[in-house]
Amino acid sequence: MNGITTARPDAAPAAPSRPRRRARRSTLTRASGVGLGLAVVWFSLLVLIPLAAVVIAAAEGGWDTFVGTITDGDTAAAIRLTVVEAALVTVVNVVMGTVIAWVLVRDTFPGKRVLEVVIDLPFALPTIVAGLVLLSLYGPDSPVGVNLVNSRQGIFLALLFVTLPFVVRTVQPVLLELDADVEEAAASLGASRATTFRRIILPALAPAITAGASLAFARAISEFGSLVLIAGNQPRNTEVASLKILKYIEGDQQAAAASVAVLLLLVAVLVIVALDLISRRVAARG
């Protein structure tokens, strides 16, 4: 009436205009770009630049220095001992860490809360304190009558101690989210426990297990503090790579120390990539 139109109360609100939608997208893009930039800068400062500095230090000595260092009898023995012990410790952690995580998630027993706290102790203790603890228990004055100082068994035990939580803490959250009804359904269809574990549980746990194994191996191959007091640092016997690097630095051989560090870095990267491939294959077969 009188040429005036009134909007209906039930009319739908007008859709936002294209310029407004584009402005929102532009704002979100800028925000994500700033976040990505900060993440890259932070990652570079903490990881990429220090790693590049080690590689440059190794390169400054030349190819002859690099090859001569890693093929030296004492150095090669230290690297071999470190890699072998780290690999053995990782295998033990994969088995026992998964078992411990399973028990903590699926079972209820007295002292469970205490065990949860004890598992995290290697995270809380400085590694040199861990070495002192092991020395007090398994040293020359051992209360249990076991002396593992200056032995490969002592190195293995020290690495087991400091890497204990990794597989447990990566597998435990996945087990908590894993639906037990799926296992019960498989059992009702006639699947054995081994088949259920291989086809249902293991593929779901594989990424978490390999992530924990990667962390455990990387920690073991680079461990220093807990080994200072218990390894003995005997060349070609109980000398590990981290102690060999210290010896090179004390002898003002920076290029040689960097060469050993670069080789350990390459080994760690190769193992992490191999574990990731294994994880994907196991998950795909499940």
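Nothing here was measured: the structure is a model prediction, and the numbers come from that model. Sequential numbering from 1 along the given sequence is applied to the chain's residues. Side-chain atoms are counted along with the backbone in the values below, which use heavy atoms only and exclude waters and symmetry mates.
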Considering only heavy atoms from C-beta outward, does the side chain of [X] approach that of [Y] to under 4.5 Å?
| X | Y | answer |
| --- | --- | --- |
| V103 | F109 | yes |
| L202 | I209 | yes |
| V146 | L148 | yes |
| Q234 | E239 | no |
| V228 | F224 | yes |
| V267 | I221 | yes |

For this session: Taking all non-hydrogen atoms of both residues into account, name the closest pair between N147 and P140 and its distance.
Result: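 Here N147 and P140 meet closest at OD1-N, 3.6 Å.
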For this session: Any side-chain hydrogen bond (donor to acceptor under 3.5 Å, both in side chains) involving residues 46-64? Give me the pairs, sequence neighbours left out, ordered by first then second residue.
Result: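 Listed once each, the pairs would be none.
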Exercise. Regarding T163 and N93, is there a side-chain donor-to-acceptor distance under 3.5 Å anywhere?
Worked result: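 Checked: T163/N93 side chains pair up, N/O donor to acceptor below 3.5 Å.
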Problem set entry | Residues T82 and E85: side-chain donor-acceptor under 3.5 angstrom |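 Note: T82 and E85 side chains miss the donor-acceptor criterion.
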Exercise. Mind checking what makes side-chain hydrogen bond (donor to acceptor under 3.5 Å, both in side chains) contact with T75, not counting sequence neighbours?
Worked result: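 For T75, the residues satisfying side-chain hydrogen bond (donor to acceptor under 3.5 Å, both in side chains) (neighbours in sequence not counted) are D72, Y248.
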Exercise. For the atom pair CD1 (I79) and OG (S242), what is the distance rounded to the nearest 0.5 Å?
Worked result: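 It comes to 11.5 Å.
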For this session: To the nearest 0.5 angstrom, please state how far the CZ atom of F156 sits from the CD1 atom of I230.
Result: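 Separation between the atoms: 13.0 Å.
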Side-chain donor-acceptor contacts of residues 118-133 below 3.5 Å, not counting sequence neighbours, with atom names and distances?
from: D120; atom 1: OD1; to: R169; atom 2: NE; distance (Å): 2.9
from: D120; atom 1: OD1; to: R169; atom 2: NH2; distance (Å): 3.4
from: D120; atom 1: OD2; to: R169; atom 2: NH2; distance (Å): 3.0

